[in-house]
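Everything below concerns the one structure shown next.
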Amino acid sequence: MAASATVVSVDEKIEKLRAEVAKLGQISENEKSGFISLVSRYLSGEAEQIEWSKIQTPTDEVVVPYDTLASPPEDLEETKKLLDKLVVLKLNGGLGTTMGCTGPKSVIEVRNGFTFLDLIVIQIESLNKKYGCSVPLLLMNSFNTHDDTQKIVEKYANSNIEIHTFNQSQYPRIVTEDFSPLPSKKSGKDGWYPPGHGDVFPSLNNSGKLDLLLTQGKEYVFVANSDNLGAIVDIKILNHLINNQNEYCMEVTPKTLADVKGGTLISYEGRVQLLEIAQVPDEHVNEFKSIEKFKIFNTNNLWVNLKAIKRLVEAEALRMEIIPNPKEVDGVKVLQLETAAGAAIRFFDKAIGINVPRSRFLPVKATSDLLLVQSDLYTLVDGFVTRNPARANPANPSIELGPEFKKVANFLARFKSIPSIVELDSLKVSGDVWFGSGITLKGKVTITAKPGVKLEIPDGAVLENKDVNGPEDL
């Protein structure tokens, strides 16, 4: 008997939630039904457990090595035809709060005064100019970044690039205690959340942009995070997908010890599937993190066929794994349910991974990443950030900056100029440290200012394999 009682209570929870969500005027009917469907799936516990013994390492047919892809056509006209089938979509819903910035993360200055968004626009412009094609740019904003992005996009009004923006869904946070929507108790933005980038597919459809692109003869969308400077259009990949009719492609790249938490591709019951750390049974977490068995990870650069998106969204077939994200808002425990775009791979036909060079994954998540891309390790040409061939080591230096450097403004203030790091292996900085101009760092460098002491590294200093704990060590 007990079992049927719980079934009823799940149904009751859903009905109560449905009635309360119906009263929320801020969101569309599509958003309401998408939200209720997500919650129902979550409560019904439909999450399938991965059977560890069934996991297989994907073959080269499933995860194609980049070097084996055929060269794209040399003929400019043929290349133009390929590119005219493409749309670039950047996930632009994130705020720069972790780096101490207000507004969209994509407007943080990356290099030479250019923001992420500037670089993206310049790249697509140079592509359109070179091949005479018209690759449009789509920005998926969240309600957090929409207004600011609209203002920023106006400055590109005269560029030879069509820019579309649309918003991902806005879902109400759920109060954990009584399973009611937070906005019915509390007004303001805190009651809402964007449900992860897995929402890109229904939102593209609901916004009307998907139909518009299909009528323009577009066939593929290249989706990437706006903060990944390595995610540039690759004609070789596009050519491969069109020739092989792959509906979905995830770019993966070899894992280093810094990427142990990233999702990986597996073959499972005959299909390619994304395996995230959250799905891994506790006793296998160390195995998942090892770089022996799981050698690749998801860069979140995704190529997806537009007709296939339309087909699957309309059939409500994209039932990606749900990621529960518990939070606290003003002392109230809330739950937000999210999905990830990479997890959709198993629903598409002829889905593949492509094992791409590490250069296609250059995310800027913190000021330590900003240090890398602003240094002489990279140069900027036509909006493309290119790695300095003078660096022999294929891996980037590992950089750890203390909390004094966390906010972009503080980071910029503490460097008169960004040091030369072409020969650097690792840098660890803690305490009140300030850098002069023209500094060179090589090998392993650790700089620690004692509590209450301001440590200044003088102009022109060369530090090689050094531990600096005070002025006497310089």
Legend entry - Axial cation check for F179 ring with K13, 6.0 Å and 45° limits: yes

Legend entry - Over-ring placement of K189 relative to F143, 6.0 Å and 45° cut-offs: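 Here K189 fails the 6.0 Å and 45° test against F143.
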
Legend entry - Residues R41, E316: salt bridge by 4.0 Å N-O rule: no

Legend entry - Lys/Arg N to Asp/Glu carboxylate O, K81 vs E78, below 4.0 Å: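 Salt bridge between K81 and E78, a charged N being under 4.0 Å from a carboxylate O: yes.
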
Legend entry - Non-hydrogen side-chain atoms of L127 and Q123 separated by less than 4.5 Å: no

Legend entry - Side chain proximity check, N300 to N228, heavy atoms < 4.5 angstrom: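 A side-chain contact under 4.5 Å is absent here.
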
Inset, instruction - Look at the aromatic rings of F361 and F297 and report parallel, tilted or perpendicular, splitting at 30° and 60°. - result: perpendicular

Inset, instruction - Name the orientation class of the two ring planes belonging to F201 and Y248 (parallel below 30°, tilted from 30 to 60°, perpendicular beyond 60°). - result: tilted

Inset, instruction - For R358 and N396, run side chain to side chain donor-acceptor pair (under 3.5 Å): C-alpha distance rounded to whole Å, both residues' side-chain angles, the deciding distance at 0.1 Å, then the answer. - result: CA-CA 10 Å; R358 182 77 191 198; N396 276 343; over 6 Å; no

Legend entry - Donor on one side chain, acceptor on other, Q150 and T165, under 3.5 Å: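 Result is yes, a qualifying pair exists.
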
Legend entry - Between E287 and W52, a side-chain donor and acceptor under 3.5 Å: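 On atom types as modelled, these side chains qualify, holding a pair under 3.5 Å.
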
Inset, instruction - For a side chain to side chain contact (heavy atoms under 4.5 Å, CB included) with M140, tell me which candidate from T145, N92, V200 qualifies. - result: V200

Legend entry - side chain to side chain contact (heavy atoms under 4.5 Å, CB included) partner of I352, chosen from E247, H240, M250: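 That would be H240.
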
Inset, instruction - Could you please spell out the steps behind the side chain to side chain donor-acceptor pair (under 3.5 Å) verdict for S28 and N206? - result: CA-CA 10 Å; S28 69; N206 294 341; over 6 Å; no

